[in-house]
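Read through the structure below, which is laid out as structure tokens, and then see the notes.
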Amino acid sequence: MATHLITGAGSGIGAAVARRLHERGDELVLLARDAGRAKELAGQFPGARTLVADLADPDRISKSLGMQPMPDHLDSLLHIAGVVDLGPIGDLRPKTWHQQLNANLISPAELTRLFLPQLRAVRGHVVFVNSGAGLNAHAEWGAYAASKHGLKALADSLRQEEHAGGVRVTSVYPGRTASPMQAKVHSQEGKEYDPAKFIDPESVATTILMAIDLPRDAEVNDLTVRPGR
């Protein structure tokens, strides 16, 4: 039975991944932004452990986790949480940049730093759920794309640093996926949202499980998932 720490397990891709791992009997450690959210996740996934730390405030993550019982064994760290806020570069204030860089890049880097000892001990796996915006930036996606381009750089550097020790690192780049985040994007774009037109989170979850279940003789570095219709 493997142990997985998951961010973003409350909805979308994160919820799909957590559900699949939970159903097969793996142990879950779910990161929540506050105690209320932790209680909701514990009810959604009976038997799962929760940790409380706010990805919006990476400077406090270490202190927050230091006050809670930490898992002493960790097979994978799955960075799935993310935030998005669109707008032209000329209109984006520093607050908008900080929100997206903190949650999408700096906090994943800090969590990785904090849990690397456990991952190194078992030759574990770090998965970064990135975005198509982490490969190509478009108009009004500047801050989000910058955070995701940075996440690609983080994953690439980590892979080179940890490969000799056996820690595997995978980046997954989903296209538009049916999720609350996608509903928000459509609202900001002024478009009608039809989830049937986009990738089902379960399909992305399938690719993530494939990567972490791959035998030790191989490693998926980068995985791009695009809508099939």
Side-chain angles (χ1 to χ4, degrees), residues 2-58 60-61 64-65 68-71 74-86 99-112 114-115 125-131 133 144 147-148 151 172-188 193 195 198-209 211-212 225:
T3 301
H4 313 275
L5 195 158
I6 307 173
T7 72
S11 65
I13 296 170
V17 170
R19 183 167 52 252
R20 298 272 285 275
L21 293 173
H22 186 258
E23 287 174 351
R24 75 186 198 183
D26 285 5
E27 185 171 352
L28 304 184
V29 182
L30 307 177
L31 192 78
R33 62 179 174 268
D34 55 40
R37 188 59 163 164
K39 184 177 180 180
E40 292 175 6
L41 290 173
Q44 189 175 349
F45 301 100
R49 289 183 286 170
T50 58
L51 292 172
V52 175
D54 189 354
L55 300 183
D57 192 359
R60 295 184 58 84
I61 288 177
S64 296
L65 294 181
Q68 304 170 69
M70 299 283 279
L74 198 61
D75 294 282
S76 80
L77 173 57
L78 309 179
H79 297 287
I80 306 179
V83 299
V84 62
D85 203 356
L86 306 185
Q99 288 172 337
Q100 295 179 82
L101 289 168
N102 283 348
N104 298 344
L105 174 58
I106 301 174
S107 286
E110 175 66 349
L111 286 173
T112 301
L114 293 171
F115 287 104
H125 202 142
V126 184
V127 176
F128 296 94
V129 175
N130 200 299
S131 165
Y144 180 76
S147 70
K148 292 298 189 176
L151 192 66
V172 182
Y173 302 90
R176 293 203 178 201
T177 303
S179 66
M181 177 183 285
Q182 194 58 232
K184 177 182 179 180
V185 166
H186 273 66
S187 176
Q188 291 186 333
Y193 174 57
F198 304 106
I199 303 171
D200 191 312
E202 292 288 344
S203 298
V204 182
T206 296
T207 69
I208 294 171
L209 266 64
I212 64 176
V225 187

Would you compute the distance between atom CG of L41 and atom CG of L28 and round it to the nearest 0.5 angstrom?
10.0 Å
T207 to V204 - nearest heavy-atom pair and separation
OG1-O, 2.6 Å
Looking at CG of L105 and NE2 of H79, how far apart are the two atoms once the value is rounded to the nearest 0.5 Å?
10.5 Å
Distance from L77 atom CG to T7 atom OG1, nearest 0.5 Å?
7.5 Å
Starting from the C-alpha separation in whole Å, work towards a yes-or-no answer on side chain to side chain contact (heavy atoms under 4.5 Å, CB included) for V83 and N104.
CA-CA 7 Å; V83 299; N104 298 344; 3.9 Å; yes
CE (M70) and CG (L65) are apart, to the nearest 0.5 Å, by 4.5 Å
Is it true that, when you exclude R60 itself, more than 12 heavy atoms of the residues, nucleotides or ligands shown sit nearer than 6.0 Å to its CZ?
no
Stepwise side chain to side chain contact (heavy atoms under 4.5 Å, CB included) test for I13 and V172
CA-CA 11 Å; I13 296 170; V172 182; over 6 Å; no
Could you walk me through whether S107 and I61 pass side chain to side chain contact (heavy atoms under 4.5 Å, CB included), step by step?
CA-CA 8 Å; S107 286; I61 288 177; 3.4 Å; yes
If I compare all heavy atoms of F128 with all of P108, which pair ends up nearest, and what's the gap?
CE2-CB, 4.3 Å
Show the numbers, then the answer: is there a side chain to side chain contact (heavy atoms under 4.5 Å, CB included) between V84 and Q100?
CA-CA 6 Å; V84 62; Q100 295 179 82; 4.3 Å; yes
Would you give the length of the straight line joining atom CD1 of I6 to atom CG of L51, rounded to the nearest 0.5 angstrom?
12.0 Å
Does K148 use its side chain to pair, donor to acceptor, with the backbone of V129 at less than 3.5 Å?
yes
Note: V52 and A38 closest approach over all heavy atoms is CG2-CB, 3.9 Å
Side chains of H4 and V127 in contact at under 4.5 Å (non-hydrogen atoms)
no
So E23 and R20, salt bridge (charged side-chain N to carboxylate O under 4.0 Å, His left out) or not? Walk me through it.
CA-CA 5 Å; E23 287 174 351; R20 298 272 285 275; 5.7 Å; no
If you look at every heavy atom in A16 and A205, which pair is closest and at what distance?
CB-CB, 3.8 Å
Is the backbone of L30 close enough, under 3.5 Å, to the side chain of T50 for a donor and an acceptor to pair up by distance?
no
For D75 and A2, work out which heavy atoms get closest and say how close.
OD2-CA, 3.3 Å
Nearest atoms (heavy-atom pairs only) where P174 meets N130:
CD-O, 3.6 Å
Decide yes or no for L209 and L21: does some side-chain heavy atom of the first lie under 4.5 Å from some side-chain heavy atom of the second?
yes
Heavy-atom distance under 4.5 Å between the side chains of L55 and R33, does that happen here?
no
Note, H22 side chain near Q44 side chain (heavy atom, < 4.5 Å)
no
Once you round to the nearest 0.5 Å, how far does CG of D26 lie from CD1 of I212?
7.0 Å
